[in-house]
Amino acid sequence: VKRVWGAGKERVSRISEGMMIKGTPGPATVSLGSEKSGRAMPQYPIGTYMLGKSELLLRSDASNTSFDSRYCGPIDASQVLNVIRPVITW
């Protein structure tokens, strides 16, 4: 499960310290250089990008080791299979 962290036409920056949306740094967005077994993780290039109209930037709230947009960049909204909405919150 991934949370949509950025959506179409938003400015996204990837810096060595993590990722930012509209200039605001995200919590726990520093990408890991390698996975637990030591294999190198892909890295989305450092720079500032404008998300396309149908692009989404995804990240996990549950784990800092999740494979998300820190590594593969934005995805097209057509790739989203389902949307989860909370029924009860407290």
Any donor and acceptor pair, going by atom type alone, linking the side chain of R70 with main-chain N or O of Y44 inside 3.5 Å?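 Side chain of R70 to backbone of Y44, a donor-acceptor pair under 3.5 Å: no, none is there.
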
Determine yes or no for a side-chain-to-main-chain donor-acceptor pair under 3.5 angstrom, with R59 supplying the side chain and P27 the backbone.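 Checked: pair present.
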
Can you name the nearest heavy-atom pair linking V30 to S16, along with the distance? CG1-O, 4.3 Å

Smallest heavy-atom separation, P25 atom then G23 atom, equals CD-O, 3.6 Å

Please determine whether the number of non-hydrogen atoms from other residues, nucleotides or ligands lying under 6.0 Å from atom CD1 of I84 exceeds 12. no

According to a 4.5 Å side-chain heavy-atom criterion applied to Ile, Leu, Val, Met, Phe, Trp and Tyr, with indirect links allowed, do W90 and V87 form part of one hydrophobic cluster? yes

Of I21, T48, L51, which meets side-chain contact (heavy atoms from CB on, under 4.5 Å) against R11?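 It is T48; the other options fail the test.
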
Point-to-point distance, once rounded to the nearest 0.5 Å, from [atom1] of [X] to [atom2] of [Y]:
X	Y	atom1	atom2	value
E55	K9	CD	NZ	9.5 Å
I46	M19	CD1	CE	10.5 Å
K22	S13	NZ	OG	12.5 Å
T65	M41	OG1	CE	8.5 Å
C72	Q43	SG	CD	11.5 Å

Hey, which of S60, S66, S69 is the one that makes side chain to side chain donor-acceptor pair (under 3.5 Å) with K2?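 Result for side chain to side chain donor-acceptor pair (under 3.5 Å) with K2: S66.
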
Decide yes or no for W5 and T29: does some side-chain heavy atom of the first lie under 4.5 Å from some side-chain heavy atom of the second? yes

Do V4 and L57 have side chains that get closer than 4.5 Å, going by heavy atoms?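 SC-SC contact between V4 and L57 ruled out.
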
